[in-house]
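Here the structure is laid out as structure tokens; the discussion comes afterwards.
On a predicted model such as this, the values are computed, not experimentally measured, just so you know. In what follows, every heavy atom counts, from backbone to side chain, and hydrogens, waters and symmetry copies are set aside.
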Amino acid sequence: MNNIDLNWVTVGRNFDWEFPLTSSVFRSPIGASRTGLSEKEMESAQLKRDQVLTWTVLYSSISILIGTDTEGYGMSDGLNTKGLVVNVLYDATTSWGETIADEQKALGLLRWGQFVLDSFAKVRDVVRYFESQPVFFVSGAVPGDDESETELHLIISDQYGDSAIIGIKQGKAIIHHSKKYTVATNQPEYKTQLSMMNYWHYQWNLNGTNNPTPVFTAPGGETPVQRFQRACFYRQLTSYDSVGTNRVAQVKGMVSTCAVPLLCSTSNAIGSNQVDLEKEDPIAATLWTSICDSTKQKYYFFDGMQLGSVWFDVTTSVDQCEIALLSNATYSLGFMSNGDSILKDCKDPFSH
């Protein structure tokens, strides 16, 4: 998150996966009625309809959905009309609760991010809600990758520069909340990420650490820890005194240093130069980069598999859901402009 200037708050995110996933942009209208699990998920989790969370959309939003009509959809990131940004990241340390409590309602991880976008205006409101542990989290399969479980944590921020990271341990929401938490990655758990950040602050002589021999280095590798360190390096060492800086361009520069190009593979170093992107390559490439402008209500999508980018005006009012394909293994928009006109009416994927 770029909250250097609280008059212009922006957020950058790289979405990485081992192979291409289908992504679509989704505009959500106010007033839609939604449920926390699909019929299939309810049956699989052996839950009754009255045990599942339901809600009405309070704030319109633009979000990116992974999946298709046949596979189902999961929300990955988005921005609502109150400037709240939600990013859903993989978290291998996620663990689940065994049974739902009488006072809890079930919510699938694929719909978690959309529920937050639909329902809240500020980070502090989200934190208060989940501190009371009202939700029984239900896992599922990632649309387009049946072998991957939805082990996820939520990164949220708002137009006031506040932020929080919500992980799930033994079914309970574990929350880290502070305006200072401006960088996050998928793993390790955020408590460990903060410990690493403190070490780097000393190395870089930041936050009053008084290191007489600072070392200003950042690694070039592709692991989450290495990329987290690079993101911290550029975020923490960016000047606070700049005037007239475009904060969208600034955060794009920060997050671009952490992107992984297609077909990057350590197999090249051990004698193989024939890499099958979908089967052999263990390194997750950056499928897309998103920039959310919380202040000016713009959502930017930069395709990582083809040359193309598009932006959307979050404040555009609609009466029903709209959707448009952005990217998959064989398709990309391939242009750079406003994309509001490409959205077409659709059924609400979260209403049933």
Side-chain angles (χ1 to χ4, degrees), residues 1-2 5 7-17 20-30 59-69 73 75-88 113-114 117 144 157 159 244-262 285-347 349:
M1 177 176 63
N2 183 357
D5 179 359
N7 293 313
W8 193 355
V9 177
T10 58
V11 180
R13 184 259 177 95
N14 292 324
F15 182 94
D16 313 311
W17 209 256
L21 297 175
T22 299
S23 61
S24 300
V25 61
F26 177 66
R27 191 188 298 277
S28 183
I30 295 173
Y59 309 110
S60 181
S61 64
I62 283 285
S63 57
I64 298 300
L65 306 185
I66 300 167
T68 64
D69 288 337
Y73 291 97
M75 184 271 200
S76 70
D77 58 81
L79 168 67
N80 73 16
T81 50
K82 291 296 182 179
L84 187 77
V85 176
V86 173
N87 283 291
V88 182
Q114 193 64 49
L117 269 190
S157 61
Q159 64 174 315
T245 299
N246 185 306
R247 302 301 178 177
V248 172
Q250 188 178 50
V251 78
K252 177 63 164 60
M254 295 175 189
V255 75
S256 293
T257 67
C258 305
V260 176
L262 295 172
T286 299
L287 302 187
W288 70 80
T289 297
S290 63
I291 306 293
C292 291
D293 187 336
S294 290
T295 303
K296 299 187 178 183
Q297 298 284 282
K298 298 290 191 300
Y299 179 94
Y300 300 85
F301 179 94
F302 299 88
D303 195 341
M305 296 189 294
Q306 304 287 339
L307 185 61
S309 62
V310 63
W311 63 270
F312 300 90
D313 185 345
V314 180
T315 64
T316 299
S317 179
V318 294
D319 296 325
Q320 67 181 78
C321 298
E322 296 180 337
I323 198 167
L325 177 66
L326 288 180
S327 180
N328 61 26
T330 59
Y331 172 82
S332 173
L333 286 173
F335 66 86
M336 303 180 187
S337 67
N338 174 259
D340 290 329
S341 63
I342 69 173
L343 287 154
K344 304 300 179 185
D345 292 350
C346 69
K347 294 181 180 180

Less than 4.5 Å apart, side chain to side chain, heavy atoms only: is that true for [X] and [Y]?
X: Lys296; Y: Thr10; value: no
X: Pro349; Y: Leu65; value: yes
X: Val255; Y: Ile291; value: yes
X: Val11; Y: Asn87; value: yes
X: Ile62; Y: Leu79; value: no
X: Val25; Y: Ile323; value: no
X: Thr289; Y: Phe15; value: no

Query raised in the report: Got a sec: does the NZ of Lys298 have more than 12 other heavy atoms crowding it under 6.0 Å?
Result: yes

What pair of heavy atoms forms the shortest contact from [X] to [Y], and how long is it?
X: Ser61; Y: Val314; result: CA-CG1, 4.3 Å
X: Val251; Y: Gly12; result: CG2-N, 3.6 Å
X: Ser294; Y: Val85; result: OG-CG2, 3.2 Å
X: Asn328; Y: Tyr331; result: OD1-N, 2.8 Å
X: Ile64; Y: Ser23; result: CG2-CB, 4.0 Å
X: Ser76; Y: Arg13; result: O-NH1, 3.0 Å

When rounded to the nearest 0.5 angstrom, what is the spacing between [atom1] in [X] and [atom2] in [Y]?
X: Met305; Y: Leu287; atom1: CE; atom2: CG; answer: 5.5 Å
X: Thr22; Y: Ile66; atom1: OG1; atom2: CD1; answer: 9.5 Å
X: Ser24; Y: Leu325; atom1: OG; atom2: CG; answer: 5.0 Å
X: Thr68; Y: Leu21; atom1: OG1; atom2: CG; answer: 11.0 Å
X: Trp288; Y: Asp303; atom1: CH2; atom2: CG; answer: 9.5 Å
X: Gln159; Y: Thr81; atom1: CD; atom2: OG1; answer: 10.0 Å

With distance as the sole criterion, is a donor-acceptor pair present between the side chains of [X] and [Y] under 3.5 Å?
X: Tyr299; Y: Asp77; result: yes
X: Trp311; Y: Asp293; result: no
X: Thr286; Y: Asn14; result: no
X: Gln114; Y: Ser63; result: yes

Requested in this report: Please test Asp5 against Thr245 for side chain to side chain contact (heavy atoms under 4.5 Å, CB included), starting from the C-alpha separation and ending with a verdict.
Outcome: CA-CA 9 Å; Asp5 179 359; Thr245 299; over 6 Å; no

Report task. Just do the side chain to side chain contact (heavy atoms under 4.5 Å, CB included) check on Val9 and Arg247 with the steps written out, would you? Result -> CA-CA 7 Å; Val9 177; Arg247 302 301 178 177; over 6 Å; no

Query raised in the report: So Asp345 and Cys321, side chain to side chain contact (heavy atoms under 4.5 Å, CB included) or not? Walk me through it.
Result: CA-CA 6 Å; Asp345 292 350; Cys321 298; over 6 Å; no

Query raised in the report: Taking only residues two or more places apart in sequence, or in another chain, which ones meet Arg27 in a salt bridge (charged side-chain N to carboxylate O under 4.0 Å, His left out)?
Result: Glu322, Asp340

Requested in this report: Verify side chain to side chain contact (heavy atoms under 4.5 Å, CB included) between Leu326 and Phe301, making sure each step is shown before the conclusion.
Outcome: CA-CA 9 Å; Leu326 288 180; Phe301 179 94; 3.6 Å; yes

**Report entry** Within 45° cone of Phe302 ring axis and under 6.0 Å: Lys252 NZ or CZ
**Finding:** yes

